[in-house]
Amino acid sequence: MTTSQEAAAAQLFLDEAALEKRRRRNRIRHEAVQIGIIVAVTALAALFALAVKNGLARHGIRFSFSFLWNVAGFDISEGKTLAFDNGAWPSLTDFTADRSIAQAFVTGLANTVKISILAIVFSTVLGTALGIGRLSTNWLVRNISFWVVEFVRNTPLLIQLVFWYFAVILRFPPLASAAKLYGGFIISRQSIYLPTIVWQEGASGGSILMLAVAVALACAAIAVRQPKVRWTLAAAAAALFLLMLAYGAPISLDYPVASRFQATGGTSMSPEMAAILLAIVVNSGAYIAEIVRGAIEALPKGQWEAAVSLGMSRRTTIHDIILPQAFRVVLPSFGNQYISLTKNTALGIAIGYPELFNIYGTIANQTGHSLEGIVIVMLSYLLLSWIISAVVSFVDGRLTKQGAMR
């Protein structure tokens, strides 16, 4: 190596060291700015909270969360709460009037989470179907999907909720003459009854159950890594579940049985829960349909043309080529819609569904701690939004990484 080459190599090394030093300095400055903003916002929030507390104290109002441990003194029509009746480990139990106010908040939060999870799953399926239907080559399917989406998106959600509750759910026949559908479903104005999986006390087959759970988890893990065999693994897991039921595993299906005035067995869904679930699923499904339709139409036309040239049917093209690409684009928008529908569960107060905001209203009326209660409600919705955002970001990152690897 000549002297000039050595000098050039030394200069390159110095330039890289200087560039790295500059990057480190910029990163430290950026992190310092972020920490400063967090400290400033926290300080402002603390000063605001202190000012509110002092203002309430001057009027003889004490700001405290100690009321959470008082006895609630009211019942909640449905929902579970956490109880420590059997030791250090909490258990799910029905809420009763002798439970604490904190447990009442837990019941409301559990009802909100239950509706949110179900609505996210069903609205995604419905919205995807409607979005694909908007682009169908069948004239009837295309127009039905269009008018359903347009009608739902241009109608307030509260009106839709009232319609589903008073014009649909409460118009179901009474339990004595309720419609009994295939599979044990019973639909009545009192409740909607569904079959459920129950544990058989004292039954043998615990090892079979543990084996089935282990195999199901293994199938799920493989399906995440190998999407091409996902449906094969799902079929294998379903077959294993059926075999487990047939050969003495300690679980079984409990079917509801209706009498004149009540039904026993299975699990029930109250009219309020059914109405708010239907309203949110249909409303969110309409918005998701437009997201899906826009993502599909944004894909290059060459994707469709290439599939046609390979002799692929339209159904196969949508399932194997179009939707996998569209979902990578629309997932952040899905996350926004999921957060929105979670907050929309607060409209359950209009029909008496005991979600978080409804129970807050009851607690505020009975205790007078409306400010503390609304802080708890706001933080609960903020936490749920953060969880949904984190899950969507994680899935989006995984999909983006898989797409880059391919």
Side-chain angles (χ1 to χ4, degrees), residues 116-153 219-238 280-342 388-406:
S116 300
I117 293 176
L118 293 174
I120 286 173
V121 174
F122 292 133
S123 64
T124 302
V125 175
L126 176 62
T128 303
L130 287 174
I132 296 174
R134 288 287 310 272
L135 303 174
S136 175
T137 55
N138 186 294
W139 181 89
L140 182 61
V141 173
R142 185 174 64 252
N143 280 275
I144 289 177
S145 300
F146 170 78
W147 286 110
V148 167
V149 170
E150 288 301 308
F151 178 81
V152 172
R153 289 175 66 240
C219 290
I222 297 174
V224 171
R225 303 295 299 178
Q226 301 292 336
K228 294 182 178 180
V229 296
R230 185 171 298 165
W231 295 110
T232 303
L233 293 174
I280 292 179
V281 166
V282 174
N283 183 268
S284 299
Y287 287 95
I288 289 176
E290 285 298 281
I291 295 173
V292 173
R293 181 193 62 81
I296 292 176
E297 290 190 329
L299 292 176
K301 299 297 183 183
Q303 301 285 336
W304 296 91
E305 295 170 355
V308 171
S309 65
L310 293 174
M312 300 176 66
S313 65
R314 184 178 178 84
R315 178 180 178 181
T316 304
T317 302
I318 292 175
H319 183 270
D320 294 340
I321 297 178
I322 302 301
L323 284 184
Q325 297 182 73
F327 273 115
R328 289 176 184 158
V329 177
V330 303
L331 201 55
S333 299
F334 276 14
N336 293 334
Q337 192 59 42
Y338 295 157
I339 292 174
S340 178
L341 73 84
T342 300
I388 294 172
S389 179
V391 172
V392 171
S393 298
F394 173 77
V395 176
D396 184 47
R398 292 298 301 269
L399 291 178
T400 302
K401 183 179 178 180
Q402 290 179 2
M405 292 175 62
R406 292 174 185 175

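Contact check for M312 versus I321: side-chain heavy atoms found under the 4.5 Å cut-off. A heavy-atom distance below 4.5 Å is not found between the side chains of L118 and I280.
When every heavy atom of A289 is checked against every heavy atom of L130, the shortest pair comes out as CB-CB, 3.5 Å. The shortest heavy-atom contact between A119 and V281 is CA-CG2, 3.8 Å. Nearest heavy atom pair, residue S309 against residue A306, reads OG-O, 2.6 Å. Among all heavy-atom pairs drawn from D396 and R328, the shortest one is OD1-O, 3.8 Å. Heavy-atom minimum distance, V282 versus L126: CA-CD2, 3.9 Å.
Interatomic distance, OG of S333 versus OH of Y338, reported as 10.5 Å (0.5 Å rounding). To the nearest 0.5 Å, atom CG of residue N336 and atom CG of residue L341 are 11.0 Å apart. Between the CD1 atom of I117 and the CZ atom of F122 there is a distance of 11.5 Å, given to the nearest 0.5 Å. Taken to the nearest 0.5 Å, the CD1 atom of I288 stands 4.5 Å off from the OG1 atom of T124.
Under a 3.5 Å cut-off, the side chain of E290 and the backbone N or O of A286 do not form any donor-acceptor pair. Between the side chain of N143 and the main chain of W139, a donor-acceptor pair closer than 3.5 Å is present. The backbone N or O of G133 lies less than 3.5 Å from no partner atom in the side chain of S136, so there is not a single donor-acceptor pair.
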Output, in order, the C-alpha distance, side-chain angles, deciding distance and verdict of side chain to side chain contact (heavy atoms under 4.5 Å, CB included) for I296 and R134. CA-CA 11 Å; I296 292 176; R134 288 287 310 272; over 6 Å; no
Would I291 and F334 satisfy side chain to side chain contact (heavy atoms under 4.5 Å, CB included), going step by step from the backbone distance to the final call? CA-CA 8 Å; I291 295 173; F334 276 14; 3.8 Å; yes
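Applying the side chain to side chain donor-acceptor pair (under 3.5 Å) test to T316 and every residue at least two apart in sequence or in another chain returns S313. Scanning for side chain to side chain donor-acceptor pair (under 3.5 Å) contacts around Q337 gives an empty result, with sequence neighbours left out. Partners of L140 under the side chain to side chain contact (heavy atoms under 4.5 Å, CB included) rule, at least two apart in sequence or in another chain, are N138, I144.
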